[in-house]
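The block underneath contains the structure these notes are about, expressed in structure tokens.
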Amino acid sequence: MARVVVDVMLKPEILDPQGQAVQRALPRLGFDGIADVRQGKRFELEVEGPVDQAALDRIHKMAETFLANTVIEDFTVKVEA
Amino acid sequence: MTTRIGVVTFPGTLDDRDSLRAVRLAGAEPVSLWHRDKDLHQVDAVVLAGGFSYGDYLRAGAISRFSPVMETIIEQAKGGMPVLGICNGFQVLTEAHLLPGAMLRNNHLHFICRDQKLRVENAETAWTGDYTAGQEISVPLKNMDGRYTADERTLDELEAEGRVAFRYVVRGEAADGCGNPNGSLRDIAGITNAAGNVVGLMPHPEHAVEPLIGTGRTDGLPFFTSVLKKLVSA
């Protein structure tokens, strides 16, 4: 079975207080030099059958209607070897 | 004939009982609706109650939006049936694109629970006719994902068309129930669709319908009497 990964991230202009909280914690923990952190979601889909264009189109549709809320989020779809 | 107002229960809904009670106190017949049932049982209006439907998994309201009951509600709402979404119900309405924008995690990342002052901006919707524009009310607020967001164009459009129905009163100290509790853009607490039949509100009017509980005031009751009058006169 092939794996397809859908990454969902808040759009750049949307405030991400969770990412900011992580970023603020970093120097406290001794990790310096990180200017910004944004937190997203990763979906790993195990796909039955071939990952052809039709399958990718279906996954794109799934990401667009359900996995991501395109009002606030962007997403990418990629096939993992 | 008695006006029937349905209240939807999804797995994780918390405030359905209070909403049914508010409907009854307003003088309508409360009808429980189950999320797996496509049939709305001849109700005249629907309340999507607060809570954490499907545990807020994925995003608040994202999974419930695809439930069988919502298919019918979306269709009927587009046909003019009054629908009120409170808190999680508001989140469901944005996910269903019956209302624009989206709801995000509170800017301070804390769950917040307090009495909240609101200003009624639009007293012409199906759910706000018993208020007057500019009136200030106090109802409980409790949420984790209450930060209303939309792009600038949508916000401008909402403002221009008078579709910001409620705003957080921002004045004085947060401790007195004033202040923006979650970072909502332009202090928006509630909005309506263009037709005025669909309204979403983050705070909880159904918890302020009896003097003995909640804020000790009944500032939330006009939501339910408004829609009742609207339906009787329709």
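Convention: sequence-line order gives letters A, B, ...; per-chain numbering from 1. As the structure is a computational prediction, the values presented were derived from the model and not from experiment.
Across A:Asn69, A:Val71, A:Ile72, A:Thr65, the residue that shares the most heavy-atom pairs under 4.5 angstrom with chain B is A:Asn69. When each of B:Pro100, B:Ala62, B:Gly183, B:Ala102 is checked for heavy-atom pairs under 4.5 Å with chain A, B:Ala102 comes out on top.
Contacts of B:Asn106 with chain A are made by backbone atoms alone, with heavy-atom separations under 4.5 Å and no side-chain atom involved. Contacts between B:His97 and chain A at a heavy-atom distance below 4.5 Å involve the side chain alone, from C-beta outward. Contacts between B:Leu58 and chain A at a heavy-atom distance below 4.5 Å involve backbone atoms as well as side-chain atoms. Proximity to chain A (any heavy atom under 4.5 Å) is shown, for B:Ile63, by both the backbone and the side chain. Looking at A:Lys41, only its side chain comes within 4.5 Å of chain B, counting heavy atoms on both sides.
Annotation for A:Ile34: atom CD1 does not count as buried by contact number, only 12 or fewer foreign heavy atoms lying within 6.0 Å. Counting non-hydrogen atoms of neighbouring residues, nucleotides and ligands closer than 6.0 angstrom, the NZ atom of B:Lys38 reaches no more than 12 such neighbours. The number of heavy-atom neighbours closer than 6.0 Å to CD of A:Glu13, taken from other residues, nucleotides and ligands shown, is above 12. Within 6.0 Å of the CZ atom in B:Arg17, the count of heavy atoms belonging to other residues, nucleotides or ligands does not exceed 12. Annotation: B:Tyr57, atom OH; neighbour count of heavy atoms from other residues, nucleotides and ligands within 6.0 Å does not exceed 12. Within a 6.0 Å sphere centred on CD of A:Gln39, other residues, nucleotides and ligands contribute more than 12 heavy atoms. The environment of B:Lys230 atom NZ is sparse: at most 12 non-hydrogen atoms of other residues, nucleotides or ligands sit within 6.0 angstrom.
Under the 4.5 Å side-chain criterion, counting only non-hydrogen atoms from C-beta, A:Leu10 is in contact with B:Leu104.
When all heavy atoms of A:Pro17 and B:Arg147 are compared, the closest pair comes out as CD-NH2, 3.3 Å.
Although no hydrogens or angles enter the test, the distance criterion places no donor-acceptor pair under 3.5 Å between the side chain of B:Arg65 and the main chain of A:Phe66.
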